[in-house]
Amino acid sequence: MSKKTLVVTYLPSGERSSTKQLVDAFLAAAKGKTAVEHLDLLREQPDVFSTESLGAYVTRNYMGQALAPAQAQAIAKMDRMTAQLKAADSVVVAFPMHNFGLPAAVKAWFDSVLLKGQTWDMNASGFVGLMKGKQALILCTSGGVYEGPMAGWEHAVSLAKVEFTFMGYDVIEAITAPGMNANPAQAPESIAAAVAQIHALGARWYA
Ligand SMILES: Cc1cc2nc3c(=O)[nH]c(=O)nc-3n(C[C@H](O)[C@H](O)[C@H](O)COP(=O)(O)O)c2cc1C
């Protein structure tokens, strides 16, 4: 039983978004089975590191030193997003592929929450993920299909999987609807197949 699920979305196509159909399917599948918190990255844009916030991060998280108020302020939004992720047993991240990778806002969110000592750390034997016992779902639609010779061009879902793996998530699943632009006639079928997988995942995750 997952007590709390954080749903992180970046859907700049708004109501016309193909990816939103996957998010809506997830919300329907999860309804009444978990508390859902929504982080809309269009409304609350994640920070990217500035000289000040990176300095604060290194000072506190690597050197173990206290921060002056202005330094703490510089990294406050990253800390907030990290605490929000840590409070969730499950996380869903939903986005369209942009230029073969994660949209910048989604990458900035990952950069915000991948804080040493919070979601991952280092010990004598190397890197350790601190998010054990948690589950992650990636929802992504793309214009093209990344199979065969194009497989190496896919850096959206593959990068999101690496980020969650690094944080130690035990369950990492990805459900995609590819070919939205390459095969427009087959797009509804691609969405329907993803929606069916999402319903099955909902039954599994929240049994
Ligand atoms: C700025 C931009 C960049 C895109 N880059 C890619 C890409 O590199 N590869 C791809 O397969 N599709 C690409 N697409 C197509 C979208 O991934 C695809 O249409 C997706 O289903 C859009 O989802 P949405 O309706 O939720 O925005 C791009 C779309 C936009 C708007």
Side-chain angles (χ1 to χ4, degrees), residues 5-31 34 36-49 81 84-85 88 90-114 135-166 169 171-206:
T5 302
L6 174 65
V7 178
V8 182
T9 61
Y10 178 69
L11 305 172
S13 299
E15 287 305 312
R16 293 174 54 252
S17 165
S18 300
T19 317
K20 183 175 182 297
Q21 296 182 54
L22 308 194
V23 175
D24 289 345
F26 177 83
L27 294 175
K31 197 172 166 73
T34 178
V36 172
E37 186 171 338
H38 183 198
L39 172 60
D40 179 347
L41 296 178
L42 286 170
R43 287 174 179 273
E44 197 173 349
Q45 291 200 347
D47 282 345
V48 293
F49 276 117
M81 289 189 175
Q84 182 184 42
L85 177 63
S90 303
V91 59
V92 180
V93 181
F95 52 84
M97 175 189 275
H98 279 177
N99 302 312
F100 309 103
L102 295 169
V106 180
K107 182 60 166 67
W109 177 77
F110 275 118
D111 289 348
S112 293
V113 300
L114 273 140
Q135 47 196 11
L137 170 64
I138 300 149
L139 299 176
C140 179
T141 68
S142 57
V145 180
Y146 294 86
E147 291 170 352
M150 286 305 286
W153 290 62
E154 203 290 320
H155 300 285
V157 173
S158 57
L159 180 55
K161 281 183 176 171
V162 168
E163 307 286 33
F164 284 124
T165 302
F166 189 66
Y169 279 80
V171 175
I172 303 166
E173 305 203 34
I175 298 177
T176 63
M180 291 296 107
N181 306 113
N183 308 312
Q186 283 170 17
E189 219 171 281
S190 184
I191 293 281
V195 165
Q197 289 177 58
I198 291 164
H199 285 143
L201 175 137
R204 224 171 40 242
W205 270 25
Y206 304 116

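Order of listing sets the numbers, starting from 1, for every ligand and every atom in it.
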* Y206-T5 side chain donor-acceptor pair, cut-off 3.5 Å -> yes
At under 4.0 Å between heavy atoms, what of N181 touches ligand 1? The answer is side chain
Note: heavy atom closest to atom 11 (O) of ligand 1, options F100, Y146, Y10, belongs to Y146
Heavy-atom proximity to atom 20 (C) of ligand 1 ranks first, among T141, T176, V145, N99, for T141
Considering both backbone and side-chain atoms of [X], is one of its nitrogen or oxygen atoms within less than 3.5 Å of a nitrogen or oxygen in ligand 1?
| X | answer |
| --- | --- |
| M97 | yes |
| M180 | no |
| K20 | no |
| H98 | no |

Please state which protein non-hydrogen atom is closest to [atom] and give its distance, to 0.1 Å?
| atom | result |
| --- | --- |
| atom 22 (C) of ligand 1 | P96 CB, 3.6 Å |
| atom 12 (N) of ligand 1 | G143 N, 3.0 Å |
| atom 25 (O) of ligand 1 | S18 N, 2.8 Å |
| atom 27 (O) of ligand 1 | S13 OG, 2.5 Å |

* Asked: Out of curiosity, Q84 CD to L6 CG, how far, rounded to the nearest 0.5 Å?
  ->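 Result: 4.5 Å between the selected atoms.
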_Reported CD1-to-NE2 distance for the pair I175 and H199, which is rounded to 0.5 angstrom_ =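 NE2 of H199 is found 10.0 Å from CD1 of I175.
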Atoms of ligand 1, numbered as shown, that sit under 4.0 Å from any heavy atom of G144: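 Selected atoms, number and element: 10 (C), 11 (O).
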State the atoms of ligand 1, each with its element, that fall below the 4.0 Å cut-off from a heavy-atom position in T19.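 Counting from 1, the qualifying ligand atoms are 23 (O), 24 (P), 26 (O).
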Could you please spell out the steps behind the ring-ring contact (aromatic ring centres under 6.0 Å, His included) verdict for F95 and Y10? CA-CA 5 Å; F95 52 84; Y10 178 69; 8.7 Å; no
So salt bridge (charged side-chain N to carboxylate O under 4.0 Å, His left out) across residues 171-195, not counting sequence neighbours, yields E173-R204
TODO: Report the C-alpha separation of Y146 and V157 in whole Å, then their side-chain angles, then the decisive distance to 0.1 Å, and conclude whether the side chain to side chain contact (heavy atoms under 4.5 Å, CB included) test is met.
DONE: CA-CA 11 Å; Y146 294 86; V157 173; over 6 Å; no
Q: Quick one: list whatever passes salt bridge (Lys or Arg N to Asp or Glu O under 4.0 Å) with E15, sequence neighbours left out.
A: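 Applying salt bridge (Lys or Arg N to Asp or Glu O under 4.0 Å) to E15 gives K20.
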Can you check whether L137's main-chain N or O pairs, donor with acceptor, with Q135's side chain at less than 3.5 Å?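 No, Q135 side chain to L137 backbone: no donor-acceptor pair under 3.5 Å.
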Report task. Might you work through the side chain to side chain contact (heavy atoms under 4.5 Å, CB included) test for V93 and W109, ending with a clear yes or no? Result -> CA-CA 10 Å; V93 181; W109 177 77; 3.7 Å; yes
